[in-house]
Every structure is written in C-alpha cells, then in structure tokens.
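Numbers here are sequence positions counted from 1. Ligands are counted one by one from 1 in listed order, and the atoms in each one are counted from 1 as well.
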Amino acid sequence: MFVYADNAATTSVSKAALDAMLPYLTENYGNPSSLYSFGQKATEALTEARETIAACINADPKEIYFTSGGSEADNQAIVSAARLGARKGKKHLISTQFEHHAVLHTLAKLEKEGFEVTLLDPHSDGVIRVEDVENAIREDTALVTIMFANNEIGTVQPIAEIGALCREKKIPFHTDAVQAAGHMPIDVKAMNIDMLSMSGHKFHAPKGVGVLFARRGMVLTNIIEGGAQERGKRAGTENVAGIVAMAAALKESCDNMEANTAKIIPMRDKLFRELSKIPHSKINGSLEHHVPGTVNMCFEGIEGESLLLMLDDQGICASSGSACTSGSLDPSHVLLSIGLPHEVAHGSLRLSIGEYNDMEQIDHICAVVPKVVEYLRSISPVWDELEKGELKHLI
Ligand SMILES: *Cc1c(COP(=O)(O)O)cnc(C)c1O
C-alpha cells in the first residue's frame, strides 16, 4: 500500500487546478504584458485569479501580489517592513523561535545589517502567548511576524489577538500562513493582518507559485527587479498557468473546507490515539489549537531518519521535522523551541494527512509504526541501557 502522509511538505495537484491551468500551457500561452488581444486572455485570467484569491481571505484584489512561493512572499514582507521602519528610525523586529527558515534566515540577514531581532519562545504546547508579544514591543518595533500555523507540529497561533494588538500599537503585522491557507478560515480584515504569505503547493496547486497579501498602505520593497509586473512590485513574466491553478485550488479548498476538515479530523485522531499507545511516546503541540491534518510525535530512543527509511519500505511517505532540514542530522529547531531535549527531538515523526487520504491508509500507518518502533528499539544499544535502567527515560 502506498500512503502519502506528507501534505505539510507538499500536496498533489487537484484535478480542478490542473483543468484550470492546462489551457494556459497550451492554446492561451500569450504574455499578459502584450498589447494584442491574444495576450489579453492571460491578463484576464490573472485578474480573475486575483479576485478569487482575494475573496478567499477577505482582501481587495489590489492587495494580492503573485510570487514564486511562500519563501519569496516571506522574504518580501519582512524586508519591506524593515525598510519602511528603518526610514523612521525603527529597527526592531519581533518574531518567534519556531518560524520557517524563510522567515528566520531573512531576519538573520537583517540582523547582520544592524536590525535588532527578538525571537519569542512558544510555550511547551507550541503556542505563542499574546502577552509575550506585547511585552516585546518597543518604541522602535518595525514589524511583528508570527506564523499562522507551525509546519512541523501544526499548532495554530492566536493570530486575531496578535493582529488586534499590533493594530492598536500601529505596528505592521505579517503572518506566514502557508500551512493555514486552504485549511483554516482566514479573514485578513477581521484578524487585522497587514501582510500574509501563502504557497500554492501546500493546497493542491503546483509548486513555484505563491501570494503575498499586503494591505493597502503597506509599501513593498522589490526583491526581484525588472519589468513592471505586479504593479511594479515584483518583476518577471507572471506564471500564468500556476496562478490560475492556485486560484482554482484555493477556491476548491475554501469551498470544501468544512467537509475536508470533517473527513480529516477522525483520521488524525485515530493516529494520535493508536500511536500514543507506543510506550515512551509523546504528542508534540497542543491538540486544542491545531490545523486539521498534522500529527507530530516523538518516540524515545528512535532516530527520526531510520524511522522514515523503514516507513518508506512499507510505502509510507512521512517526515521528521521540515523537508528543508531533514537530510541534516540537526534536531528540529521547532521541537527544541518547545522545550524537548536534543535526544528526544531527534526521534520525531510528522504525519501530515489531507482529504485525499482514507481510513484504510490510516490503519496501515497504525499497524506499521508500532512494529517499526519496536524493531528499531530492539537493535538500539541506547534502548538496552534505558530498559536496564542504566539511563533515565526522558519521556
Ligand atoms: C512550505 C512553507 C514555506 C515555503 O513555501 P515555498 O512555497 O515552498 O517556498 C514557508 N513557510 C511555511 C510555514 C511552509 O510550510
């Protein structure tokens, strides 16, 4: 059996998205910047996609900028707020320890340029507290950037409360909503969000296309220079087919959100229930504030990498931490940020499921994981010492 359980890393392209994009790869291949009517078909498609996407998050179409993905949107949002702040002498940026590297590395670059960065710690439940944000705010704070939902542990942050606080203090607020868009309701007006990042391939559109929402009045800094596309804020011929697919996929995800959630939650709950029966295991992140499909657990004495390879043998695609960091042997910065010891943070398993999974696949995972964990422990010298009491169990 093949089970794709890594939807937080990327998703398959939905039929609706593929059908919508195909004509823009075949007969309607014109350049939207052309003046002839053939190119105008592409322009019209972009206009329509902008309207569709804006409607999904309660934004104005003029506030939607197409990018190459979530990483670019994060980079542009943060750099823009930093430049805007610096012009007013404000050079302090607030974020969290457990952001995606697209955010963390952009902040690190700005720090080298002389900005001061405060990275808040989430509590052990994987949730940032509004009071902590409030206490970090200074006279010279130029930006608060806090992710909507964490990509490794799936915890959802109090975005509306943080948005209200930032609006009251007149500080721009950006959220990396890559894991939330298409999976949870987002209302940029009600939540007082000034900038927001999305990525098509996390909700069944192709890879390499994303959105930066920037509220009217937010002055964007260009990351890519060149032509005057995207109202002069993002140069480069638009990925028309990808953008059309992204709009179709987002609309489909938002229209079916309740039904999808109702399908995913019982599968996710079964995973939590069954895998928690494994001795010395731990669920990471609050289950109360959670995206529907992400399950993150640690199994003591297990190397995440070995676990993933053995699951792969059984047809299960899963992940340990984020796709960008697996491949390295460093423990997850997200799991360390919620207070897990290094030894435990090495042994994490992320299963991220979606509406295309079914209960039979979940049963396969629930049958395979305990056996694999037991096998890996049986050949581990560390586990032997733990069992004999020569080492203390951490979980
Ligand atoms: C996947 C992801 C990104 C990066 O998006 P790309 O489109 O792959 O560049 C950024 N932030 C989060 C939270 C993600 O999960």
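- If you check the side chains of Thr106 and Asn75, you find a donor sitting under 3.5 Å from an acceptor.
- Cluster annotation: Phe115 and Leu119 are assigned to the same hydrophobic cluster (Ile/Leu/Val/Met/Phe/Trp/Tyr, side-chain heavy-atom contacts under 4.5 Å, transitive).
- Between Ser71 and ligand 1, a contact under 3.5 Å exists for at least one N or O pair.
- Ligand 1 has no nitrogen or oxygen under 3.5 angstrom from a nitrogen or oxygen of Glu72.
- For the residue pair Glu99 / Thr96, a side-chain donor-acceptor distance below 3.5 Å is found, with atom types taken as modelled.
- Counting heavy atoms only, His100 comes closest to atom 3 (C) of ligand 1 of the residues Glu99, Glu152, His100.
- Ligand-side atoms of ligand 1 in range of His201: 6 (P), 7 (O), 8 (O), range being under 4.0 angstrom from any heavy atom.
- The side chain to side chain contact (heavy atoms under 4.5 Å, CB included) check on His393 picks up His280, Glu300, Trp383, Leu386, Glu387, with sequence neighbours excluded.
- Under 4.0 Å is where a charged nitrogen must lie from a carboxylate oxygen, and between Arg350 and Asp6 at least one such pair does.
- Heavy-atom proximity to Gly69, at under 4.0 Å, picks out these atoms of ligand 1: 7 (O).
- When hydrogens are left out, the protein atom nearest atom 7 (O) of ligand 1 is Ser199 OG, 2.6 Å; that is the closest non-hydrogen contact.
- The N/O atoms of Ala102, backbone and side chain alike, include none that comes under 3.5 Å of an N/O atom in ligand 1.
- Polar contact with ligand 1: present for Asp176 (N/O pair, distance under 3.5 Å).
- Applying the salt bridge (Lys or Arg N to Asp or Glu O under 4.0 Å) rule to pairs touching residues 53-76 yields Asp60-Arg216, Glu72-Arg234, sequence neighbours excluded.
- Every atom of ligand 1 is numbered from 1 in the order shown, and the set under 4.0 Å from a heavy atom of Lys202 is 1 (C), 2 (C), 3 (C), 14 (C), 15 (O).
- Looking only at protein heavy atoms, the nearest one to atom 6 (P) of ligand 1 is Gly70 N, 3.5 Å.
- Between the side chains of His183 and Ser253, no donor-acceptor pair is found at a separation under 3.5 Å.
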